[in-house]
Number of protein chains: 2
Amino acid sequence: MVPAMSEVAPPENAGSIPDLVELVHHVMKGALRHVQPTLNSEEISMGQFWALHTVSSLDSASLGTVARTLNLSPPTVCANIDALEESGLVRRHRSEKDRRSIEISLTPRGRRVEARVWREVSAVISGAARGVPGSDLATSIRTFRTIADRLDQGPVPRRAGA
Amino acid sequence: MVPAMSEVAPPENAGSIPDLVELVHHVMKGALRHVQPTLNSEEISMGQFWALHTVSSLDSASLGTVARTLNLSPPTVCANIDALEESGLVRRHRSEKDRRSIEISLTPRGRRVEARVWREVSAVISGAARGVPGSDLATSIRTFRTIADRLDQGPVPRRAGA
DNA sequence: TATTGTTATACTCTATAACTATA
DNA sequence: TATAGTTATAGAGTATAACAATA
């Protein structure tokens with residue numbers, strides 16, 4: 001027996017996905033443009049900030065962990081950490097348990113910079129989302145969490161109508 | 001009289017915005033990783049694809065229009081168009097009305113490549129969004145359209161709790 | 001003078017390959 | 001041998017400044 005099409009690929013989804021892709025691309029570009037002055041005044045690049053933010057979230061992490069979290073190569077993260085260390089925002093110290101591994105932690109100044117920039121990023125998006133009902137934001141977050149998790153799980157199943 | 005806090009800055013929004021920012025960043029990185037093999041086999045870069053897609057959407061556009069649409073500098077778009085022209089995917093021709101301006105249009109092959117890659121991008125996201133109710137996708141699109149439009153309108157108003 | 005596109009140039013971000021130290 | 005991090009190097013992607021042609 002052939003299943004009804006609506007059980008396999010809900011037709012109402014397929015058509016709207018391209019709009020979502022364009023909007024997300026547009027929002028990323030726009031948000032970056034708004035945040036750039038803050039990054040400039042803190043003398044930090046966007047890539048450096050994501051590394052800083054990741055270390056902050058994980059509260060001390062190895063370089064490899066940061067690379068895996070951000071889906072970047074170790075040399076890329078290494079260069080970012082070099083710059084952050086030179087600016088006095090993070091410290092490197094070898095792990096006691098495994099002397100190959102190096103642990104990265106934030107300096108007090110690193111913590112302050114991370115908090116300031118992250119607050120600014122949130123303020124920009126929050127300001128742009130003024131008036132959007134909390135329930136709509138919650139739905140968007142749920143939707144994006146689903147998509148993010150599935151993209152992390154390897155190849156996504158394809159559907160004819162997609 | 002001081003307004004109640006919930007009328008000024010709904011507290012349920014402020015806290016969830018950082019999650020949304022992280023998820024969008026993660027989805028962008030993940031989607032790029034999934035689409036990269038298609039871009040490689042079409043021998044086209046992501047930047048070139050966005051230029052191609054923009055020309056396709058606008059159905060012939062000037063270089064400046066593409067640059068403004070993508071929020072990129074004219075030299076950046078010029079380089080992308082150079083590459084696309086060399087690959088035989090677009091054509092340049094001077095405008096009759098204003099001979100400073102050059103119009104860009106897709107070749108038949110450009111149309112086919114654009115359609116293939118865009119279908120693949122949509123398929124990746126669509127596959128990752130399988131099972132998400134169409135109404136949730138519609139809500140996400142509405143939310144992102146609001147945010148994108150506001151980011152385009154210049155500086156966003158800041159709120160204390162953001 | 002102002003605008004459209006281009007060229008010249010430089011800087012950032014990123015990855016792969018080769019290397020070092022440790023396991 | 002395998003893994004964590006680093007160095008060397010090269011290729012995209014991007015922007016600003018200077019230029020050409022046209023308005």
Side-chain angles (χ1 to χ4, degrees), chain A residues 25 28-30 32-33 35-37 39-40 42-55 58 60-87 90-105, chain B residues 25 28-33 35-37 39-40 42-55 60-87 90-105:
Chain A
H25 178 246
M28 287 290 288
K29 300 277 301 184
L32 183 59
R33 194 160 33 86
V35 172
Q36 196 62 58
L39 294 172
N40 290 345
E42 299 283 357
E43 293 183 295
I44 192 178
S45 74
M46 199 59 192
Q48 285 164 37
F49 173 70
W50 277 112
L52 189 67
H53 176 68
T54 302
V55 174
L58 300 176
S60 160
S62 74
L63 191 145
T65 300
V66 175
R68 279 186 297 275
T69 302
L70 294 174
N71 256 308
L72 293 172
S73 70
T76 295
V77 174
C78 187
N80 282 336
I81 298 297
D82 284 348
L84 291 171
E85 193 174 31
E86 185 142 10
S87 306
V90 304
R91 266 191 301 263
R92 280 174 161 101
H93 34 91
R94 297 211 93 85
S95 165
E96 294 296 326
K97 295 181 291 199
D98 182 343
R99 292 189 49 74
R100 291 172 304 183
S101 173
I102 73 122
E103 292 291 317
I104 303 156
S105 60
Chain B
H25 179 245
M28 287 290 288
K29 300 279 299 183
L32 183 59
R33 193 158 35 84
V35 172
Q36 196 62 58
L39 294 171
N40 290 345
E42 299 283 357
E43 292 181 298
I44 193 178
S45 74
M46 199 60 192
Q48 286 164 37
F49 173 70
W50 277 113
L52 188 68
H53 176 69
T54 302
V55 174
S60 163
S62 74
L63 190 143
T65 301
V66 175
R68 279 186 296 275
T69 302
L70 293 175
N71 256 306
L72 293 172
S73 71
T76 294
V77 173
C78 187
N80 282 335
I81 299 297
D82 284 349
L84 291 171
E85 193 174 31
E86 185 141 13
S87 305
V90 304
R91 266 191 302 263
R92 280 173 161 102
H93 34 93
R94 296 211 91 86
S95 166
E96 295 296 325
K97 295 181 292 198
D98 182 344
R99 293 186 51 72
R100 291 172 303 183
S101 173
I102 74 122
E103 293 291 318
I104 303 156
S105 61

Sub-3.5 Å donor-acceptor pair from the side chain of B:Arg91 to the main-chain atoms of B:Ser105, do we have one?
no
I need the CD1-P distance between B:Ile104 and C:dT4, as an integer number of Å.
13 Å
Rounded to the nearest Å, what distance is computed from the CG atom of residue B:Leu39 to the C1' atom of nucleotide D:dA12?
13 Å
Euclidean distance, B:Lys29 NZ relative to A:Leu72 CG, rounded to 0.5 Å
4.0 Å
Starting at CG of B:Leu32 and ending at P of C:dT14, how long is that distance when rounded to a whole Å?
11 Å
What is the distance, rounded to the nearest whole Å, between atom CG of B:Asn40 and atom C1' of D:dA12?
12 Å
Proximal nucleotide (of D:dT14, D:dG5, C:dT4) relative to the B:Ser101 side chain
C:dT4
Rounded distance (Å) that lies between atom C1' of C:dT12 and atom CG of A:Asp82:
15 Å
Looking at residues at least two apart in the chain, or sitting in another chain, which of them share a side-chain hydrogen bond (donor to acceptor under 3.5 Å, both in side chains) with B:Ser95?
none
Pairing residues for A:Ser101 by the side-chain hydrogen bond (donor to acceptor under 3.5 Å, both in side chains) criterion, not counting sequence neighbours:
none
Residues in residues 42-53 of chain A with a heavy atom under 4.0 Å of DNA chain D, by number, are none
Kindly give the heavy-atom pair with the smallest separation between B:Ile104 and B:Val55, and that separation in Å.
O-CG1, 3.5 Å
Touch class at under 4.0 angstrom, heavy-atom based, for A:Ser95 against every strand present:
nothing
Short N/O separations, protein against nucleotides 16-23 of chain C, under 3.5 angstrom:
| residue | atom | partner | partner atom | Å |
| --- | --- | --- | --- | --- |
| C:dA23 | OP1 | A:Arg99 | N | 3.0 |

For A:Asn71 and for B:Leu63, find the nucleotide of DNA chain C with the closest heavy atom, then tell me which residue's nucleotide is more 5'.
B:Leu63
Atom pair distance, as rounded to whole Å: CD in A:Glu85 and P in D:dT7:
11 Å
Which residue pairs pass the salt bridge (charged side-chain N to carboxylate O under 4.0 Å, His left out) test with at least one member in residues 63-78 of chain B, sequence neighbours excluded?
none
Of all the heavy-atom pairs spanning A:Arg94 and A:Arg99, show the shortest one and how long it is.
NE-O, 2.7 Å
What distance separates A:Asn80 CG from A:Ile44 CD1, expressed to the nearest 0.5 Å?
9.0 Å
Expressed as a whole number of angstroms, how long is the span from A:Leu70:CG to C:dA15:P?
10 Å
Rounded to whole angstroms, how far apart are CG on B:Asn80 and P on D:dA12?
12 Å
Across all chains, not counting sequence neighbours, the side-chain hydrogen bond (donor to acceptor under 3.5 Å, both in side chains) partners of B:Arg100 are B:Asp98
